[in-house]
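Notes to accompany the following structure.
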Amino acid sequence: MADTSDNPLAPKQQEDETDVHFEPVIKLTEQVEIKTLEEDEDVIFKMRAKLFRFDTSGNEWKERGTGDVRLLQHKETKKVRLVMRRDKTLKVCANHIISSGMRLQPNVGSDRSWVWKVTADYAENPPTAETLAIRFANSENALDFKKKFERAQKINAGEAVPEDEEKEVNQEENVEETKQKDEKEAAATEEKE
């Protein structure tokens with residue numbers, strides 16, 4: 001083996017290791033409160049879905065994002081809007097009021113997706129008129145979305161929502177909350193194992 005003490009390109013062997021410590025320039029001790037502007041609203045519907053928008057220039061559907069679509073009702077005004085955020089980035093991909101003029105139409109060839117037109121979607125700046133499509137995991141979820149969407153249209157139009165429909169919605173929400181709790185508990189037990 002060659003003698004490396006005279007070779008300047010040979011790696012030098014350090015006899016003692018140094019412990020380097022750097023102090024942060026700025027200490028982040030203050031908690032910053034993040035406002036989503038959804039604090040004054042109650043969630044009346046929440047389900048995972050994939051959202052698409054129709055691109056008229058290319059005459060094709062383009063994916064907007066995958067995440068939880070929510071119908072939010074304002075606590076004071078009682079108006080309901082649709083908000084959807086992408087999963088990981090939480091960027092808004094749909095944000096519009098649900099008007100009585102919107103018509104949910106079944107997407108061609110699918111029983112688990114709906115298409116509707118929006119006059120002003122605030123996900124982009126400035127607000128734009130869009131044709132949106134939403135696809136759910138199964139047809140039951142799609143029908144549940146349609147029921148809640150049509151109920152929201154009645155609420156925003158100032159129509160009285162029948163009591164039995166209100167009870168049915170509350171029961172469905174309780175069932176959905178129970179399912180979500182069960183899923184979280186199952187995931188927690190799997191992580192422990």
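Hydrogens, waters and symmetry mates play no part in the numbers below; they use all other heavy atoms, side chains included. Nothing here was measured: the structure is a model prediction, and the numbers come from that model.
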[X] [atom1] to [Y] [atom2] distance, which is reported to the nearest 0.5 Å:
{"X": "Phe54", "Y": "Trp61", "atom1": "CZ", "atom2": "CH2", "result": "6.5 Å"}
{"X": "Glu159", "Y": "Ser100", "atom1": "CD", "atom2": "OG", "result": "7.5 Å"}
{"X": "Asp40", "Y": "Gln73", "atom1": "CG", "atom2": "CD", "result": "13.0 Å"}
{"X": "Gln105", "Y": "Asn107", "atom1": "CD", "atom2": "CG", "result": "10.0 Å"}

Measure up the His96 and Trp116 rings against each other and bin them: parallel (under 30°), tilted (30 to 60°), perpendicular (over 60°).
->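 Plane angle between 30° and 60°, so tilted.
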Side chains of [X] and [Y]: does their closest heavy-atom pair fall under 4.5 Å?
{"X": "Asp42", "Y": "Leu72", "answer": "no"}
{"X": "Gln153", "Y": "Arg103", "answer": "yes"}
{"X": "Leu104", "Y": "Phe145", "answer": "yes"}

[X] and its side-chain contact (heavy atoms from CB on, under 4.5 Å) partner, picked from [options]:
{"X": "Glu41", "options": "His74, Glu76, Lys75", "value": "His74"}
{"X": "Arg70", "options": "Ile44, Leu82, Val83", "value": "Val83"}
{"X": "Leu132", "options": "Lys117, Met84, Arg53", "value": "Arg53"}

Determine yes or no for a side-chain-to-main-chain donor-acceptor pair under 3.5 angstrom, with [X] supplying the side chain and [Y] the backbone.
{"X": "Asn138", "Y": "Asn141", "result": "yes"}
{"X": "Asp55", "Y": "Glu60", "result": "no"}
{"X": "Arg86", "Y": "Arg64", "result": "yes"}

Check this for me, if you would: do [X] and [Y] make a salt bridge, where the nitrogen-to-carboxylate-oxygen distance has to be below 4.0 angstrom?
{"X": "Asp68", "Y": "Arg48", "value": "no"}
{"X": "Lys50", "Y": "Asp87", "value": "no"}
{"X": "Glu140", "Y": "Arg112", "value": "no"}
{"X": "Glu38", "Y": "Arg85", "value": "yes"}
{"X": "Glu150", "Y": "Lys146", "value": "yes"}

Are a donor atom and an acceptor atom from the side chains of Asn95 and Arg81 found within less than 3.5 Å of each other?
->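 Judged by distance alone, the side chains do pair up.
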When you look at Met102 and Phe149, which way does the side-chain contact (heavy atoms from CB on, under 4.5 Å) test go after all the steps?
-> CA-CA 10 Å; Met102 293 179 184; Phe149 190 93; 3.8 Å; yes
